[in-house]
Amino acid sequence: KNYPASFAHATADALWAMGKLGIPFPEPMLLAYYYRFALEKNELQAASLTNIIWAYGRLCPPTTPELIQHLSLWCSAFRREDVYIRRYFSASQLSKMAWAFGRLSVVMDDETLYSWYEAFGREKDNFTAMELCNVIWMFGKLRLTPEKEFWEAWCDRFASLSPRDFTSSDLA
């Protein structure tokens, strides 16, 4: 069994659980995790990367230089060929990623944002109403003007949804 991969995925699951339970990350744990993540980021698949970024969005750890450096490494893991191109991030995972960056008030670097746009284009027909709302919320929260192609794809998908696809919370 691949120990680094197993440890990396188990740690991602633990971070997700802490986020789900609302348990704040103790600073010593975060610093140790940042270090381990740097060593094992190439072992993580899309689901684990999504769990990690979602947990950060849920609990919003303090924006420190260490967190920003870690998010930069997270973004490089998102862009990895074997995760990004072969394994694909789903619409749900891309929505969670956008939501988390919005919650953290951190803008993705250009290379990651362009990779995200490309993934959105590939997955656009799979986004739910709520996921589309999460995505556009991130752009508004971070005061980012989306690319024209993204905006057109977002609008096309939004227009394709029927009224039954929306809940009252989607439009709040």
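The chain is numbered in sequence order, starting from 1. Note: hydrogens, waters and symmetry copies are ignored here, and every other heavy atom, side chains too, is used.
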Next item on the list: Quick one: do M108 and M138 satisfy side-chain contact (heavy atoms from CB on, under 4.5 Å)? Show the steps, please.
Entry: CA-CA 11 Å; M108 295 175 231; M138 177 211 48; 3.8 Å; yes
Item checked: CA sep, side-chain torsions, deciding dist, call: T64, L30, side-chain contact (heavy atoms from CB on, under 4.5 Å) -> CA-CA 11 Å; T64 62; L30 271 179; over 6 Å; no
Might you point out which heavy atoms bring [X] and [Y] nearest each other, and give the distance in Å?
X	Y	result
A153	K124	CB-CD, 3.6 Å
I23	L59	O-CD1, 3.0 Å
R157	L132	CG-CD1, 3.5 Å
L161	T128	CD1-C, 4.4 Å
Y56	P61	O-CD, 3.4 Å
P26	M18	CD-CE, 3.9 Å

Checklist line | Carboxylate-amine/guanidinium contact E152 K148, below 4.0 Å | finding: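 A salt bridge links E152 with K148.
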Check: Looking at D13 and K20, does any basic side-chain N land under 4.0 Å from a carboxylate oxygen?
Finding: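 Here D13 does not pair with K20 in a salt bridge, since their nearest N and O are not under 4.0 Å apart.
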To the closest 0.5 Å, what do you measure between [atom1] ([X]) and [atom2] ([Y])?
X	Y	atom1	atom2	result
W154	F158	CH2	CZ	4.5 Å
K96	L94	NZ	CG	11.0 Å
S95	M130	OG	CE	7.5 Å
S90	N126	OG	CG	8.5 Å
L71	F78	CG	CZ	13.5 Å
E123	E118	CD	CD	11.5 Å

Should [X] and [Y] be counted in the same cluster of Ile, Leu, Val, Met, Phe, Trp and Tyr side chains packed under 4.5 Å apart?
X	Y	result
F89	Y114	yes
L39	Y34	no
Y35	L73	no

Item checked: Option passing side chain to side chain contact (heavy atoms under 4.5 Å, CB included) with C75 (candidates L113, T112, I53, V106) ->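 Exactly one pass, corresponding to T112.
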Over 60° means perpendicular and under 30° means parallel, so classify the ring planes of [Y] and [X], tilted if in between.
X	Y	value
F120	F127	tilted
Y117	F139	parallel
F37	Y33	tilted

Item checked: Full working for side chain to side chain donor-acceptor pair (under 3.5 Å) between N134 and E131 -> CA-CA 5 Å; N134 284 343; E131 291 164 350; over 6 Å; no
Next item on the list: Apply side-chain contact (heavy atoms from CB on, under 4.5 Å) to I136 and W151, showing your working.
Entry: CA-CA 9 Å; I136 207 64; W151 184 238; 3.1 Å; yes
Notebook entry, point to check: How far apart are the C-alpha atoms of R58 and W99, what are their side-chain angles, what is the distance that settles it, and do they pass the side-chain contact (heavy atoms from CB on, under 4.5 Å) test?
Noted result: CA-CA 9 Å; R58 171 77 168 82; W99 173 84; 4.3 Å; yes
Flag, side chain of [X] to backbone of [Y], donor-acceptor distance under 3.5 Å:
X	Y	value
T50	A46	yes
R79	S115	no
W54	M97	no

Notebook entry, point to check: What do you reckon, is CD of E147 surrounded by more than 12 foreign heavy atoms closer than 6.0 Å?
Noted result: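 Count over threshold, so yes.
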Checklist line | L15 side chain reached by N51 side chain, heavy atoms, under 4.5 Å | finding: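 The answer is no, as the side chains (C-beta and beyond) never meet within the 4.5 Å cut-off.
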